Amino acid sequence: MKKLFIVSNRLPVTVEQQGDKVALRSSSGGLVSAITSYLEHSGRGGFADTVWLGVPGCTEKAWDAAVAQQNSTAYTYSPVFVHWKKYEMYYNGFSNSVLWPLFHYFPSYADYNSTYFDAYMEVNRQFADALTGQLSAGDVVWIHDYHLLPLAAMLRKQFPGITIGFFLHIPFPSFELFRVIPREWQKEILTGMLGADLIGFHTADYVAHFLSCAEHILDVTHDGQNISWENRQVRTDAFPISIDYNLFHTAYDLPDVAQKRAEFSQQCGNRKLIFSVDRLDYTKGISNRLKGYEQFLKDHPEYKGNVVFILVIVPSRDGIARYAERKRMIDEYIGSINSQLGTISWQPVIYQYAHLSFAELCGLYTACDVALITPIRDGMNLVSKEFAASRKDGRGVLVLSELAGAAAELSDALLINPNDIREIANQIYAGLTMEPEEQRLRMEKMQARIRQYDVVQWSADFFFRLYETKHSQQQVEVRMLESTTRVMLTDRYAAALKRIILLDYDGTLMPLQKFPSQAVPSDEIIYLLEEITKDPMNDVYIISGRDADTLHKWLGKLEIGLIAEHGARARKNKEEWVNFDGSDTVSTAHIEKIMQDYTQRTPRSFIEKKQFSLAWHYRNVDLKLGAIRARELYGHLVKQVSGLPLSVLNGNKVIEVKPDFVNKGKVVERLVSGGDYDFILCIGDDTTDEDMFRQLAGIEHAFTIKVGTEPSLAVYNVRSTEAVLSLLQDMALSSARIHQFN
Ligand code: GDG
């Protein structure tokens, strides 16, 4: 039975030393509660076992001793022991001094040290080795976060069919930012993530950034969600992580929470209470938050002595100099606010640099008037969701940074820009003076969202999409024409008595060129086509979107059929060209005008004018601009041709308008029905070639091949035009052999 492997940097347990005894203590992070609740609600997810793999944060000896004393554990833990020096460079180094600042838009804080990167790759390999020893083919692996970006690809190499999900808990930055790191790192990160079947992010913006990076750096294509990568469709999607709603909502009535709430309220007296809690981190916007509070007190002196800000900072990453420095700055700033604005009987900021118990945390969530959450960048921010969920009383106001992922869902918070100090000050005031009824209405809306999509829903959603992705991958599986199938194909070719060979031209026989006029056939192509047409059992057709004149100029001397403009014009072995009935009755003059307009607005795009059709090419245009203009033009043209016998094709870097009564599928239908063929070979690379593949689908003696690794209706895929020529070469040789013996 299959197993589930959860992989995260740290195991969700710590080894605690009590005197000379050691024991395992489970941590209570958001991820653990997500996985635990999901497994509880889904009959263990159908898994025989759940193995959690990560670094234990202790020595092997301490781990063994602690495990030996434990009767049972929530998960099967699989510790990865990393040498501390290596771990330091992987964790404090690459993960937290390169990826963390960069992905949170602090590129100047990043330390582009190549030894960090080497250690990062090495530790990821160590994780991969630890996993491969335990994995079986049907298992499911769920990898978490930025510490393990290259891991999925490492696993995929060894287990090509395995199901892998990856989730990133921090933002994914825009291409302009991502490109600042060395190209090798960019590639390892992106290709590493693409080893997964499903890549999850918190928000749609992060998804878009990842897709744009993959498009620019790896030159892959996507449809806004799926990327074709190494014969697989990899899906990307947004899964805004959530919290255990019930845990926080019901906490309100827990006796120890109620007691803490009473204590904090009593401590504040009649004063209003503002609260915030975060790990110590420059991304959390703690300095700006304090500036905003200070500004608020200056703008509203009536609140001096009547408000208290409880600021809790949880120690984090103190091994990194920048964090220690940040702590010093915050300490000093709080000191200055308290000394300058405070009095003997009133301290404006009450500051704690330590972890809170759950009861204290919920006590503060439910006692405060305003929760002030101002990160400069935050992947999601769970504190904001926990605060909203905990307010069973319907009171309290959330002031939230619009640069936290949570802002996309919690639009009923008072949103602020964390760099706008005056706005923070104004919203503190708005929060403290908000009518109870408005507080209740806003809270209810936020609670409804969090309740609906809680952490169980989040994990269930992720697993559902992961299995769905795997299933659809299997349906449109890219089947590469391997050597064994290729032998079978050439055997069938040799055994056939009447064959038809249908070939697209650009991208199939000739690689795509910068300009269409440059795609003159090579000597090798001419030679192979000549050789194949020498065999009297073969009918060969080039079926292209090209105009008749070009095909005639390049291939007119050969004994082959030429089909131009997707079937609008045809010529059988050196006979006259014939137009498809009615092709010439359609005018495209108004289409040309529109295309000219787009050509002027889109540097390096150009129009290819054919007898009955027009193509607007954007293969040389800047990637982003090309995609935008193509979408725009496509939409524009679709409206223009409505009611006319024309259709708009969205091809490979080309938008084409052609008579709608011709397409390559119809051509193939006509050609194949005109002969008694017992071997049909059809090869193409573009979306317009899918019509041919569709036409031939299900015919036992038809072999359809797509050039490229994108999924297709064709039965097989080959990687490049070279593979096509090599296949034609085999056929030519086979023909030569047959006729030599006859
Ligand atoms: C990363 C991303 C993303 C904090 N202090 C105490 C305490 N906490 C708990 C909170 C909350 C969690 O820690 C903090 O989560 P956040 O989401 O706010 O922030 P990060 O730690 O930076 O988390 C973030 C998250 O991953 C999940 O994907 O949302 O964007 O940066 O649960 O309650 N808990 C207790 N005492 C504390 O003093 N008990």
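Remember, it's a predicted structure, so these values are computed and weren't measured experimentally. Order of appearance sets the numbers: ligands from 1, and atoms from 1 within every ligand.
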**OP:** Check whether NZ of the Lys or CZ of the Arg Arg322 lies under 6.0 Å from the centre of the six-membered ring of Tyr109 and within 45 degrees of that ring's axis.
**Re:**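 Yes, a cation-pi geometry.
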**OP:** Please determine if Arg317 forms a cation-pi arrangement with Trp100, meaning its NZ or CZ atom is less than 6.0 Å from the six-membered ring centre and no more than 45° off the ring axis.
**Re:**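 Yes, a cation-pi geometry.
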For ligand 1, indicate whether the residue [X] contacts it via side chain, backbone, both or neither (heavy-atom separation under 4.0 Å).
{"X": "Leu382", "value": "both"}
{"X": "Leu356", "value": "both"}
{"X": "Val383", "value": "both"}

Subject >> Over all atoms of both residues, closest heavy-atom pair of Ala66 and Val22 >> reply: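 For Ala66 versus Val22, the nearest heavy atoms are N-CG2, 3.5 Å.
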Original post:
Below 4.0 angstrom, N of the basic side chain to O of the carboxylate: do Asp197 and Arg235 qualify?
Top reply: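 A salt bridge is absent here (no side-chain N lies under 4.0 Å from a carboxylate O).
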Subject >> Residues Glu444, Arg440: salt bridge by 4.0 Å N-O rule >> reply: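 Salt bridge: yes.
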Just which atoms of ligand 1 are under 4.0 Å from any heavy atom in [X]?
{"X": "Val277", "result": "5 (N)"}
{"X": "Lys284", "result": "19 (O), 20 (P), 22 (O)"}
{"X": "Met380", "result": "3 (C), 24 (C), 29 (O), 30 (O)"}
{"X": "Trp100", "result": "31 (O)"}
{"X": "Gly379", "result": "30 (O)"}

Subject >> contact_flag Val312 ligand 1 heavy-atom lt 4.0 Å >> reply: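 For ligand 1, residue contact (heavy atoms, under 4.0 Å) with Val312 is absent.
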Original post:
Hey, which of Phe94, Phe178, Tyr116, Tyr120 is the one that makes ring-ring contact (aromatic ring centres under 6.0 Å, His included) with Trp185?
Top reply: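 Among the candidates, only Phe94 passes.
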Original post:
Where does the angle between the aromatic ring planes of Phe167 and His202 fall among parallel (under 30°), tilted (30 to 60°) and perpendicular (over 60°)?
Top reply: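 Phe167 and His202: perpendicular rings.
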**OP:** Apply side-chain hydrogen bond (donor to acceptor under 3.5 Å, both in side chains) to Trp52 and list each qualifying residue two or more places apart in sequence or on a separate chain.
**Re:**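 Listed in chain order: Ser8.
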Original post:
When you measure from atom 7 (C) of ligand 1 to each heavy atom in His355, Glu360, Gln352, His104, which option holds the nearest one?
Top reply: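 Among His355, Glu360, Gln352, His104, the closest heavy atom to atom 7 (C) of ligand 1 belongs to His355.
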Original post:
Looking at ligand 1, does any of its N/O atoms fall within less than 3.5 Å of an N/O of Ser357?
Top reply: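 Checking ligand 1 against Ser357, no N or O pair falls under 3.5 Å apart.
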